[in-house]
Amino acid sequence: MASRVDTHFWFLLGVAAFFTTLIAGLIVYFMVKYRRRSDDEVPGIVHGSLALEAGWSIIPFLITLVVFFWGASIYVTLARPPDDATQVNVVGRQWMWKVQHMDGRREINELHVAVGRPVRLVLTSEDVIHSFFIPAFRVKMDAVPGIYTQLWFEPTKVGTYHLFCAEYCGTLHAGMIGRIVVMEPDEFQRWLSGPAPGAAAGLPVALAGEQVFQEQGCGSCHRADAARAPNLAGLFGSTVRLADGSTVTADAAYVRESILRPAAKVVANYEPIMPTYQGILSEESVMQLIEYVKTLGAPAGGQP
Ligand code: CUA
């Protein structure tokens with residue numbers, strides 16, 4: 001993406017430079033050419049020029065259309081991670097980035113990835129708004145408390161790149177920096193399965209989610225045979241009918257909200273009896289629970 005963003009940037013800069021030079025040059029040229037030559041000189045009356053006026057309306061209009069569609073196509077690509085992108089969870093907090101790979105590997109202020117493989121980051125924050133910024137990849141996304149945002153990239157060159165927080169988030173904002181380490185795929189696999197210096201390896205995220213599920217006793221209500229709470233098998237990605245008659249797609253944001261604010265969207269035919277887990281579960285635990293719920297089957301997978 002970096003070269004596409006850069007080409008667009010240089011195009012904008014080129015257009016701006018061309019017109020700035022043209023306009024400034026014409027101003028100077030006309031100042032000299034049409035200067036007052038004698039004290040009693042009276043300027044002639046100028047009527048409009050249709051060709052000129054149409055030209056300076058239509059040409060800039062066409063240029064802005066080019067800028068718009070070009071920029072929009074880059075935006076759409078950046079906004080839509082490919083389906084085969086590897087997910088990595090990222091939680092921002094004052095003042096560090098906490099990263100967890102799906103197999104459980106954790107990192108602080110570092111993100112290891114394999115070259116040539118698309119990566120999708122799911123971002124949130126424990127406290128204030130942060131912004132995950134990798135200048136070399138030309139990608140930046142806010143990490144906002146209360147919601148999930150995403151960002152994707154496909155590293156094309158092995159190396160180490162800067163990671164910055166790009167949203168002022170308090171005293172040590174400037175220290176909220178890290179690095180992105182892009183490795184050869186086999187080297188990355190070795191890193192992923194190797195010992196974890198400084199950062200603890202953990203359970204795979206979905207398994208950690210299952211553990212949270214059990215520790216919190218979620219299963220006592222969300223059992224396959226229970227009538228008190230919806231069965232979670234096949235939930236993720238499905239369309240859920242709510243008590244108020246509307247429907248919602250069971251995505252990560254919905255599952256998160258239902259854990260932290262269960263009364264917000266009550267499933268049809270169920271009582272709003274679930275307690276809130278706001279303040280009880282960390283953002284990481286909620287992300288783990290979501291991965292666990294995903295493993296309980298998707299509607300397309302032949303699940304009930
Ligand atoms: Cu986090 Cu600035």
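One is the number of the first residue; the rest follow in order along the sequence. Indexing begins at 1, ligand by ligand and atom by atom, following the structure's order. Predicted model, so just to flag it, every value in this text is computed and none were measured.
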Between side-chain atoms of residues 108-115 and protein atoms elsewhere (two or more places apart, or another chain), which donor-acceptor pairs fall under 3.5 Å?
unit_1	atom_1	unit_2	atom_2	d
N109	OD1	W97	N	2.8
E110	OE2	R179	NE	2.8
E110	OE2	R179	NH2	3.1
H112	ND1	E107	OE1	2.5

Sequence-distant partners of F11, ring pair (Phe, Tyr, Trp, His ring centres under 6.0 Å), two or more places apart: W70
Any D142 side-chain heavy atom under 4.5 Å of H130 side chain: no
is_close_aromatic(H162, F164), centroid dist under 6.0 Å: yes
Cation over ring face, R105 and W191, 6.0 Å, 45°: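 Relative to the ring axis of W191, which defines the angle, R105 lies inside both limits.
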Near atom 1 (Cu) of ligand 1 (cut-off under 2.8 Å), count of protein N, O or S atoms: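 My tally for this metal is 4.
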Qualifying ring-ring contact (aromatic ring centres under 6.0 Å, His included) pairs with a residue from residues 241-264, counting only residues at least two apart or across chains: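 Passing the test, one end in residues 241-264: no pairs.
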